[in-house]
Amino acid sequence: MNLDDSSPLSSRRRFLRWSAIASGALGGAACESGPSDGPSSLGAPIRARGEPSPFEKSARRLSASKTPAQASSRTPLGDSYGILTPASLHFERHHSGVPNIDPAEHRLLIHGMVERPLIFTMGEIKSLPSTTRTLFLECSGNSGGEWSKAGGPNSQTSHGLASCSEWTGVPLRLLLDEAGVQADASWLLAEGADPCRMQRSLPLEKAMDDCLLAYAQNGEAIRPEQGYPLRLIAPGYEGNVCVKWLRRIKLATGPHMVRDETSKYSDLMADGKARLFTLVLDAKSVITFPSGGQSLSGAGSHEVTGLAWSGRGLIDRVEVSTDGGASWQDADLQEPRFPKAFTRFRMPWRWDGSEAVLLSRATDSSGYVQPAREELIAARGKNSIYHYNGIKPWRVAPDGSVTNVEI
Ligand SMILES: Nc1nc2c(c(=O)[nH]1)N[C@H]1C(S)=C(S)[C@@H](COP(=O)(O)O)O[C@H]1N2
Ligand SMILES: [Mo]
């Protein structure tokens, strides 16, 4: 039987789990007066574009930059709900700033080992059959600090180079079929229109499978920071491959061995050899509440919640430990779940007020289980910067404050 969130049985099961831990202690003071009065004067007029409430001060991107154009910003995962990231809070990573591109002038060239080199306008691309998919995007440098136990104080600094959006665009396969890929082509190069002309190679098999040329995100045109007017989305692959401001695709017999796949985004293993093309991102999860920088209001019932994702497909299971890994319980997974997208997990927890270490462990539909930090280091060594997906611990102190801790 398939129990989704809307099924009465599932909600009943969740309610029972809640009542078991809350036992009549769901909060709320005894009723002495009515609800608070609203303002008595008329409210603000309608705006052309919405903005968050001025009371929501915490949900802000956090940026770090080498230079203003060589910068990244991180999604405030600790303030997130559900699985979607609003575009205004999507993490950003730019190697040479955000170009200002007029879609009327923008062109996409498909050339190299094709029967017919083609140039597409945005109008032509938008006239083709489109698809929409909910997908996570993660920079492979996300959580890189965790290799050296320096992931920062909270889930935004440790895991905020990941976001999840609904992307709309044209399957790349359509355009490649139109151009006619030559029989011995096996890789393609994707290139951006930003000043650094960022380039990445991609196996043709992936391009033909599920890559999208996206022009919309969460119901609106892609924002300039995310690649307006056109970007490549390679579902489940490291973010760097998802070339923004896409201007050129070139078919070839192998990878182009460009800077961002040889010097950068490669993994230096313990034996001194570099592993190239770690394209698929392995299963990973992080508890977003309670997480670093937050605090629990007091002993009693709380909801532990977080996000899990895998480049290999669906998240099938998330286990949560509240005792530093001594015991584990299955969390509820928010439905519907989408492959290669964030999955929200939730678990009711009765906190007894003593020190606790919280962990989450994701399993994906390929059967892969998110490793502990020491398992990851045993397999990969400690030279790596990229592709960290170890289990993330948070420590809850008796005063309710939560901090980053590596165990
Ligand atoms: N053209 C271009 N594409 C790019 C980049 C870039 O600097 N230029 N950065 C890459 C990296 S490293 C990542 S992680 C993702 C980030 O996408 P976002 O800024 O929409 O989150 O875009 C990738 N695509
Ligand atoms: Mo990245």
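Order of appearance sets the numbers: ligands from 1, and atoms from 1 within every ligand. For the single chain, residues carry numbers from 1 onward in sequence order.
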A.B. asks: Hey, are His90 and Gln226 close enough side-chain-wise for a donor-acceptor pair under 3.5 Å?
C.D. replies: yes
A.B. asks: Which side-chain N or O atoms in residues 234-246 pair as donor and acceptor under 3.5 Å with protein atoms at least two apart or in another chain?
C.D. replies:
{"from": "Glu238", "atom 1": "OE1", "to": "Ser140", "atom 2": "OG", "distance (Å)": "2.7"}
{"from": "Glu238", "atom 1": "OE1", "to": "His387", "atom 2": "NE2", "distance (Å)": "2.9"}
{"from": "Glu238", "atom 1": "OE2", "to": "Arg200", "atom 2": "NH1", "distance (Å)": "3.0"}
{"from": "Glu238", "atom 1": "OE2", "to": "Arg200", "atom 2": "NH2", "distance (Å)": "3.0"}
{"from": "Asn240", "atom 1": "OD1", "to": "Arg200", "atom 2": "NH1", "distance (Å)": "2.8"}
{"from": "Asn240", "atom 1": "ND2", "to": "Tyr265", "atom 2": "OH", "distance (Å)": "3.4"}
{"from": "Lys244", "atom 1": "NZ", "to": "Arg93", "atom 2": "O", "distance (Å)": "2.9"}
{"from": "Lys244", "atom 1": "NZ", "to": "His94", "atom 2": "ND1", "distance (Å)": "3.2"}
{"from": "Lys244", "atom 1": "NZ", "to": "Glu225", "atom 2": "O", "distance (Å)": "3.0"}
{"from": "Trp245", "atom 1": "NE1", "to": "Pro224", "atom 2": "O", "distance (Å)": "2.9"}

A.B. asks: Residue by residue, ordered by chain and number, which ones reach under 4.0 Å of ligand 1 with a heavy atom?
C.D. replies: His90, Phe91, Glu92, Arg93, His94, His95, Leu137, Cys139, Gly192, Asp194, Met198, Glu225, Gln226, Arg231, Gly239, Asn240, Cys242, Val243, Lys244, Trp245, Tyr265
A.B. asks: Please list all pairs meeting salt bridge (charged side-chain N to carboxylate O under 4.0 Å, His left out) that have one or both residues in residues 111-135, counting only residues at least two apart or in different chains.
C.D. replies: Arg133-Asp210
A.B. asks: Classify the ring geometry between Phe136 and Trp309 as parallel (under 30°), tilted (30 to 60°) or perpendicular (over 60°).
C.D. replies: tilted
A.B. asks: Would you be so kind as to tabulate the donor-acceptor pairs closer than 3.5 Å made by side chains of residues 285-293, with sequence neighbours excluded?
C.D. replies:
{"from": "Ser285", "atom 1": "OG", "to": "Ser360", "atom 2": "O", "distance (Å)": "3.3"}
{"from": "Ser285", "atom 1": "OG", "to": "Ser360", "atom 2": "OG", "distance (Å)": "2.8"}
{"from": "Ser285", "atom 1": "OG", "to": "Gln370", "atom 2": "OE1", "distance (Å)": "2.7"}
{"from": "Thr288", "atom 1": "OG1", "to": "Thr305", "atom 2": "O", "distance (Å)": "3.3"}
{"from": "Thr288", "atom 1": "OG1", "to": "Arg344", "atom 2": "NH1", "distance (Å)": "3.1"}
{"from": "Ser291", "atom 1": "OG", "to": "Thr288", "atom 2": "O", "distance (Å)": "2.7"}
{"from": "Ser291", "atom 1": "OG", "to": "Gln294", "atom 2": "OE1", "distance (Å)": "3.2"}

A.B. asks: Verify the distance criterion only: is there a donor paired with an acceptor across the side chains of Asn404 and Lys392 at less than 3.5 Å?
C.D. replies: yes
